Amino acid sequence: MYLHIDMDYFFAQIEEKRRPMLKDKIIAVCVFSGRTEDSGVISTVNYPGRALGIKSGMPIATAKKKAPPADSIFLPVDREAYTQASMFIDGIIRKGCDKVVQASIDEWHVEDSDAIQKAPKIKEEIEKKSGLTCSIGVAPSLLGAKMGASKCKPDGLLILDKESEEKLISGSDVEKVPGIGKKTGEALRALGALKIQDISKIDPGNLVETFGRKTGSWLHELSLGEYKSELGEEKEQEEVSRIGTLKMKTRDSYILLEKLSDLEPEAKEWLMEKKKSYKTLTIIFITEDLRTHTKSTTFSHPLPWNSSTEAEKKKLIEEFLSENPMMIRRIGIRFGNFLDLGGQTTLF
DNA sequence: AATGATACTCGGC
DNA sequence: TTACGGCCGAGTATCATT
């Protein structure tokens, strides 16, 4: 059996715990972009906020219109604190279970033959030691466990047998299934599938044509109740990026380079800490229409974290500007294609 | 034509 | 209808090499 452990409104719950007096107020954790006073989006909001229609991804200004100022607080993200809490919880889960894969900052996948007994114990222990609640789904497949957890949240525990798992998945609205987002969901609805079971009526060839080979056949199998789940291997992070929003949209390469020089040290610090060298450098551009574009180069030899990137950054920016006439709103830098520096030391 | 590497977009959280 | 961050991996497209 599989467990899916999912922390409840994680970032906001941590902020709530830090400030117990705010417990019943609306707590929204925000990514302030700095472009204007309230530009940016909501990262997470607690349940009183959700009750008023505030959601992740919503612009902060829109959320503020829904929340009475006296009963609400809008806080900036404190990633370091959330990462620390995440690592602490990771330790608790690993102590109790053998096969554990951390799936994101606030989710874990576990395979355990004794899952039904262990699930309530882990839940209690997490709450006792961290003060934070989570929701846990237990099911014969990982997909069932995930959907079970989201069905019973917050602070829930749901155990599904083969039959109830099958029912939950096949009867679910398409966009409730992890892996099916807005785009895929809309496309499926356009093909006449509202629920997962409806997908079985669509010709598999049509699915592959619309969604590509991988997703198309995955959807087809899903609709027939075929979802094999294996716990993926725990993978090392494959790239690191830092991205930021410009005060004003621009096409001035000097301003763009200046912004990158704010972002780059943080990404490089990560490389240094993890002792990684990299082969691929990518510049990320978000144009005024909010579309994302990238330009990248791969070097024939890995470069150490402290290597200069000035010439390449300039080249990639100029290349992008020459082929896209739009103004740029956000810019970022990404390092990837890592090689462990191992015992080697950096050269000076 | 097959294989592997690289470039880029999509979209989940 | 639009408002709108900062990440990341998955998947696909394209290019290079044989």
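The basis for the numbers below is simple: all heavy atoms, side chains too, and nothing from hydrogens, waters or symmetry mates. No experiment lies behind these values; they were computed from the predicted model shown. Residue numbers start from 1 in every chain, and the chains themselves are labelled A, B, ... in the order their sequence lines are given, proteins ahead of strands.
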Verify, without hydrogens or angle tests, whether [X] (side chain) and [Y] (backbone) share a donor-acceptor contact under 3.5 angstrom.
{"X": "A:T83", "Y": "A:R79", "result": "yes"}
{"X": "A:T62", "Y": "A:M58", "result": "no"}
{"X": "A:K25", "Y": "A:A70", "result": "yes"}
{"X": "A:D289", "Y": "A:R291", "result": "yes"}

- Message: Closest-nucleotide mapping onto DNA chain B: is A:K279 or A:R291 further toward the 5' terminus? I mean the 5' end.
- Response: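 Final value for this comparison: A:K279.
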
- Item | A:E238 with A:R334: basic N within carboxylate O range, under 4.0 Å |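 Looking at A:R334 together with A:E238, the answer is no, because their closest N to O distance does not fall below 4.0 Å.
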
Give the rounded distance in Å between these two atoms: [atom1] of [X] and [atom2] of [N].
{"X": "A:I328", "N": "C:dC4", "atom1": "CD1", "atom2": "P", "result": "18 Å"}
{"X": "A:I286", "N": "B:dT9", "atom1": "CD1", "atom2": "P", "result": "11 Å"}
{"X": "A:E37", "N": "C:dC4", "atom1": "CD", "atom2": "C1'", "result": "17 Å"}
{"X": "A:F11", "N": "B:dC13", "atom1": "CZ", "atom2": "C1'", "result": "9 Å"}
{"X": "A:I105", "N": "C:dG5", "atom1": "CD1", "atom2": "P", "result": "20 Å"}
{"X": "A:L316", "N": "B:dT6", "atom1": "CG", "atom2": "P", "result": "15 Å"}
{"X": "A:K55", "N": "C:dA3", "atom1": "NZ", "atom2": "C1'", "result": "14 Å"}
{"X": "A:I284", "N": "B:dA7", "atom1": "CD1", "atom2": "P", "result": "14 Å"}

- Message: Check the phosphate of B:dC8 against A:S296, side-chain N and O only, distance under 4.0 Å to OP1 or OP2. Yes or no?
- Response: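 Looking at the OP1 and OP2 atoms of B:dC8, one of them is under 4.0 Å from a side-chain N or O of A:S296.
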
- Message: Using OP1 and OP2 only, check whether a side-chain N or O of A:T294 sits under 4.0 Å from B:dT9.
- Response: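 Checking A:T294 against B:dT9: at least one side-chain N or O falls below 4.0 Å of OP1 or OP2.
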
- Query: With sugar-phosphate meaning primed atoms plus P, OP1 and OP2, does A:T298 contact a base, only sugar-phosphate, or nothing at under 4.0 Å between heavy atoms?
  - Reply: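 Sugar-phosphate only.
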
- Message: Looking only at the side chain of A:K295 (C-beta and beyond, no hydrogens), which of the listed nucleotides C:dC4, B:dC8, C:dA3 gets closest?
- Response: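 The nucleotide sitting nearest to the side chain is B:dC8.
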
- Task: Identify the heavy atoms of A:E125 and A:K129 that sit nearest to each other, and give their distance.
- Result: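 Closest approach of A:E125 to A:K129, heavy atoms only: OE2-NZ, 2.6 Å.
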
- side-chain contact (heavy atoms from CB on, under 4.5 Å) assessment of A:I93 paired with A:I122: CA-CA 7 Å; A:I93 296 169; A:I122 291 170; 4.3 Å; yes

- Where protein sits on nucleotides 6-18 of chain C, one letter per nucleotide: B base, S sugar-phosphate only, - none, heavy atoms under 4.0 Å: BSSBSSS------

